[in-house]
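Let me begin by presenting the structure, written as structure tokens, before commenting on it.
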Amino acid sequence: MTPVLVINSGSSSFKYQLLDMDTERTLASGLVERIGEPIGVARHTVHATPVDAGEGSPTFLDATRTRELPIPDHTAGFAVMLDAFASHGPSLADTPPVAVGHRVVHGGARFFEPTLITPLVEINIDELSVLAPLHNPANLAGIVAARTAFPEVPHVAVFDTAFHQTLSPAAYTYAIDTEIAASHRIRRYGFHGTSHKFVSEAAAAFLGRPLGELKQIVFHLGNGASVTAIDGGRSIDTSMGFTPLEGLVMGTRSGDIDPAVLFQLERRAGMSVDDLDDLLNKRSGLLGLAGSNDLRDIRAAMERGEPRALLAFEVYVHRLRAYAGAYLAQLGGADVISFTAGVGENAPRVRAEALGTLGFAGVEIDHERNESAERGIRVISTDASAVTVLVVPTDEELEIARQTLSVARP
Ligand code: AMP
């Protein structure tokens with residue numbers, strides 16, 4: 001057994017997953033949340049071995065335990081997590097993790113691969129908080145707490161931005177004054193890199209084709225959403241930019257918008273920078289258009305004929321099409337287009353509408369395959385389609401664990 005612990009730390013919560021990298025199976029996972037509030041919540045799930053229920057699909061008899069108690073900070077949260085492992089298993093005393101992998105949102109232009117965490121790397125992650133004030137300090141709090149809990153094992157940082165460090169200057173440069181841009185490190189960085197890397201590699205493996213030969217477009221459509229053009233395994237363009245606000249319409253984020261809208265709202269509506277940040281990041285996207293950030297609610301409202309839900313869906317799909325076309329042009333055509341994450345894996349109509357006009361480019365969706373409730377990686381294009389269209393369930397924790405092991409055990 002080769003256990004690797006993966007930590008995804010936010011400001012008031014962290015998620016964890018223990019994987020056995022011999023089988024790439026999740027042994028346990030959990031969530032510690034409401035850190036710093038009067039009562040915190042810790043949820044620990046022990047994943048059972050799959051049992052074949054006879055219908056062809058395995059059933060997982062998982063056991064989840066929940067505790068409510070004050071959790072003043074991340075270090076206390078790690079103590080609660082260790083307690084859960086000790087009480088409910090699997091025992092970390094018997095099989096301690098060989099390494100701990102940490103999701104870190106922003107690696108700036110400095111980190112382009114998974115990196116062994118040293119005190120200097122911690123200083124660099126802290127310094128990059130200038131670019132990701134909400135995320136990097138929270139990621140660092142998790143690292144510090146985890147290094148206290150597991151002082152003997154290597155800790156590895158896996159950056160959301162790293163996969164996009166292959167973007168050319170033409171793709172990552174904003175057309176603004178270069179001196180201002182350079183002194184404030186204003187450029188496009190791209191995010192969701194761990195997922196885009198995982199999905200593009202899984203797609204190549206599934207098709208039995210060398211990654212280096214494939215032109216791919218990956219749509220990661222979750223609550224946050226981004227799309228990446230990948231040529232031979234290298235990201236050449238991606239829709240998120242300086243922050244995860246740019247690009248597609250998301251659950252609560254606007255995606256692309258004319259920046260002059262912000263000048264107008266500041267001048268005419270008296271909104272402050274913080275108001276605008278809140279508006280575009282937390283109250284826009286599907287939520288701003290239709291009152292819910294969840295596509296399932298939008299779909300239900302569409303069935304009731306609610307005009308704002310219909311418009312929200314059209315705006316969402318219109319943007320997807322624009323990026324599909326742009327990235328086909330950047331790549332000079334595509335071999336594979338994949339959909340992943342909550343919306344990408346579960347919303348056939350989004351997939352069909354996003355690619356529905358691309359018949360001229362050799363993209364042909366098979367509607368029966370697209371509507372199928374089958375799980376797992378699967379083809380949804382016709383056999384005659386020149387471009388293979390896939391649904392690929394993403395697994396960011398597994399990708400972080402793989403990258404962690406590649407550094408911890410080179
Ligand atoms: P994620 O960020 O990948 O967890 O995706 C979460 C989002 O996926 C939710 O906010 C929903 O919009 C969407 N989603 C999840 N399940 C479904 C489903 N069965 N049908 C449509 N959308 C879904």
Side-chain angles (χ1 to χ4, degrees), residues 6 8-10 13-17 26 29-31 33 43 45 57 103 105 134-135 160 190-200 202 218-228 238-240 243-255 281-304 306 308-317 319-320 338-355 365 367 369-378 380 390-400:
V6 173
N8 183 352
S9 179
S13 68
F14 66 87
K15 287 191 278 191
Y16 59 88
Q17 215 174 95
T26 302
S29 61
L31 171 66
E33 56 186 340
R43 209 162 279 130
T45 301
S57 61
R103 175 184 181 222
V105 167
L134 297 180
H135 293 107
D160 272 17
F191 298 86
H192 285 153
T194 307
S195 179
H196 288 295
K197 182 175 191 301
F198 177 87
V199 169
S200 53
V218 175
F219 283 95
H220 176 112
L221 309 179
N223 201 22
S226 67
V227 49
T228 297
T238 192
S239 60
M240 285 177 169
T243 74
L245 181 55
E246 191 176 346
L248 302 176
V249 175
M250 311 185 208
T252 64
R253 292 176 225 152
S254 62
N281 273 301
K282 300 198 180 137
R283 294 192 286 121
S284 297
L286 294 175
L287 177 69
L289 289 169
S292 169
N293 65 326
D294 194 311
L295 197 78
R296 286 165 287 198
D297 297 337
I298 309 280
R299 212 165 43 192
M302 285 166 75
E303 275 160 25
R304 295 193 298 272
E306 285 183 24
R308 63 178 192 159
L310 293 164
L311 177 65
F313 188 81
E314 281 172 15
V315 174
Y316 187 91
V317 165
R319 189 80 51 88
L320 293 177
S338 301
F339 288 89
T340 194
V343 174
E345 292 170 32
N346 296 299
R349 182 153 169 211
V350 168
R351 299 189 295 253
E353 301 257 352
L355 305 185
I365 296 283
H367 291 286
R369 288 177 182 170
N370 185 36
E371 296 284 341
S372 154
E374 204 185 314
R375 313 303 302 172
I377 186 164
R378 58 199 185 275
I380 58 165
L390 300 176
V391 174
V392 182
T394 194
D395 193 337
E396 288 167 275
E397 281 76 15
L398 175 57
E399 181 60 35
I400 291 172

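This chain uses plain numbering: 1 for the first residue, then up along the sequence. In each ligand, atom 1 is the first atom listed, and ligand 1 is the first ligand listed.
- Arg103 has no carboxylate O lying under 4.0 Å from a charged side-chain N of Glu396, or vice versa, which leaves the two without a salt bridge.
- No side-chain donor from either of Thr228 and His220 sits under 3.5 Å from a side-chain acceptor of the other.
- Near Gly222, meaning under 4.0 Å from any of its heavy atoms, are these atoms of ligand 1: 1 (P), 2 (O), 3 (O), 5 (O).
- Remark: minimum distance from atom 18 (C) of ligand 1 to any protein heavy atom is reached at Asn346 CB, 3.3 Å.
- Geometrically, ligand 1 and His220 share no nitrogen or oxygen pair separated by less than 3.5 Å.
- In this structure, Glu345 has no heavy atom closer than 4.0 Å to ligand 1.
- In this structure, the side chains of Leu320 and Phe339 stay at 4.5 Å or more apart for every pair of heavy atoms.
- Near Ala341, with a cut-off below 4.0 Å to any heavy atom, the atoms of ligand 1 are 3 (O).
- Those atoms of ligand 1 with a heavy atom of Val343 less than 4.0 angstrom away are 8 (O), 12 (O), 13 (C).
- Here the heavy atom of the protein found nearest to atom 11 (C) of ligand 1 is Asp294 OD1, 3.3 Å.
- Taking 4.5 Å as the limit, every side-chain heavy atom of Thr252 sits out of range of all side-chain heavy atoms of Asn281.
- When each atom of ligand 1 is checked for a heavy atom of Arg299 under 4.0 Å away, the hits are 20 (N), 21 (C).
- Closest to atom 6 (C) of ligand 1, if we only count protein heavy atoms, is Asn223 N, 3.8 Å.
- Taking only non-hydrogen atoms, the option from Gly342, Pro393, Ser292 nearest to atom 5 (O) of ligand 1 is Gly342.
- In this structure, the side chain of Arg351 engages the main chain of Asn370 through a donor-acceptor pair within 3.5 Å.
- Residue Asn293 touches ligand 1 through its backbone alone, judged by heavy-atom distances below 4.0 Å.
- Some N or O of Leu295 is nearer than 3.5 Å to an N or O of ligand 1, by distance alone.
- Side-chain contact between Phe313 and Leu286 is absent, with no heavy-atom pair separated by less than 4.5 Å.
- Using a distance-only test at 3.5 Å, with no hydrogens or angles considered, no donor-acceptor pair links the side chain of Ser254 to the main chain of Ser284.
- Annotation: side chain of Arg43 is in contact with side chain of Glu33 (closest heavy-atom distance under 4.5 Å).
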